[in-house]
Protein chains: 2
Amino acid sequence: MAVRIDDLDRKILAELQRDASQSLDEIAKTVSSSKTPVWNRIRKMRDAGIIGQQTVILDPEALGFEACFFVLIRTSEHEADWQKSFLKALQERPEVLEAHRLAGDIDYILKVRVRNARAYDAFYQALISEVRVHNVTALLSMEEIKSTTALPL
Amino acid sequence: MAVRIDDLDRKILAELQRDASQSLDEIAKTVSSSKTPVWNRIRKMRDAGIIGQQTVILDPEALGFEACFFVLIRTSEHEADWQKSFLKALQERPEVLEAHRLAGDIDYILKVRVRNARAYDAFYQALISEVRVHNVTALLSMEEIKSTTALPL
DNA sequence: GCTGAAAACGCACCTGG
DNA sequence: CCAGGTGCGTTTTCAGC
C-alpha cells in the first residue's frame, strides 16, 4: 500500500498537478530526467492509485454556479442505519462537492455549489426531508479567495 | 463574458470533467458528434476561460497528508490593509487548499491539508503570528465522505 | 533502472461540402 | 457549421546497456 515515493516522483507529481496536458518530453525536461523513466514512474503511481482522475477545472461563475455554501450539520442520530442513508443522500446529490465527517461538536460539513440561493433552498428542503438532522447552519461564500486541488508536495 | 453554452457544450464539459485524458474521437462518440465540432467547441470554451487548468487528482492519504481541517475565522479587523495581508498570507501557504470570505457571523473559512496535527499547529501558530484574528475554530475531518471537482452541469 | 529507436496512435489544422 | 484527410508530434513499447 505505502508505495515509496522518492524525490523524482514528487517532482513529477508536482508537474502533473500543475498541468496534466504537458507532453512527457516537457515533464522529463523540467524534472531533469528523460522520457522512459518518467513514463514508468507515472504508470507505477497510477497503478498504485496515487495518481487518480485526470480532469479539467471549470469556471463555476462562467457556468452560472454563482452560489457556494458551507453547511455545518449537527445530528442527534448516530446509528449505522441513519448514517448509511445520510451518506447515500450526499453521494447522490451532485451539488454536494465535498462532505466530511468531523470530530467534535459539529458532525458533518458539506460544500455545496448551486446556481443561486433558491437552488440552495431546494437542496436544503430535499435533504432534511430525506434524513433527520438536528441542526443545520449554512455559511454563504461571498468570495472564493483561493481554490486549488494541488497538494503541497 | 457570458458565452452561450448549449447542450452539446455541456455534454462535452461533463466528459472532460469525468476524464480529461480521453481522445477527441472518444468524446465525439459519447456526445454523438464528430471530431471537428467537438474540437472547435473545446477551443472556444478554453479561450473563454470556461475550461481552465487540466490537472490530476492525487490521493492525499497515499502521500501522507492524513489530516484535513476546516478553519472558521472571526476577525474584528475589517480594514483594507489587514485584509490585504491576510489574503497574501493565505495565498502563500500551500497547505491552504481553499479559502472563502463569508457573509455573516463567521468571516472566513479555510480548508487546510497537512501531514498531521502537529503540522496543523505549526500552520496555525504561523498564521496568527502574521495576522491578527479574533477567534479561530478548527474542525477536524475524520473521514472524507465525498470529494469531487465536478460541477453538476 | 536508464537510453534510444521504432511503431502505433491521436491532434491540430485545412480544405472543401 | 460539419465531414474527412493529412503531416506531425506524442505515447507506448521494446530492444540493449
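It should be emphasised that the depicted structure is a prediction, and the values quoted were computed from it without experimental measurement. In what follows, every chain begins at residue 1, and chains take the letters A, B, ... in the order their sequences are listed.
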Exercise for the section: Could you tell me whether B:K88 and B:E92 have a side-chain N and a carboxylate O separated by less than 4.0 Å? Expected result: yes
Practice task
Scan A:R43 against the nucleic acid and name what it touches under 4.0 Å (heavy atoms): base, sugar-phosphate only, or nothing.
Solution key: nothing
Practice task
Flag the pair A:D9 and A:R4 as a salt bridge only when some basic side-chain nitrogen lies within less than 4.0 angstrom of an acidic carboxylate oxygen.
Solution key: no
Practice task
Report yes if a side-chain nitrogen or oxygen of B:R46 is closer than 4.0 Å to either non-bridging phosphate oxygen (OP1 or OP2) of C:dA12; otherwise report no.
Solution key: no
Problem - Separation of atom CG in B:D47 from atom P in C:dA12, rounded to whole Å - result: 12 Å
Handout entry: Ionic contact status for B:E26 with B:K29, cut-off 4.0 Å
Key = no
Handout entry: Residues from residues 12-40 of chain B lying under 4.0 Å of DNA chain D - heavy atoms
Key = B:S34, B:K35, B:T36, B:P37
Handout entry: A:R74 and A:D105 ion-paired at < 4.0 Å
Key = yes
Problem - Presence of salt bridge, B:R115 and B:E95, under 4.0 angstrom - result: no
Exercise for the section: State plainly whether the residues A:R93 and A:E130 are in salt-bridge range, i.e. N to O under 4.0 Å. Expected result: yes
Exercise for the section: Starting from P on D:dT13, measure out to CD1 on A:I42 and report it in whole angstrom. Expected result: 13 Å
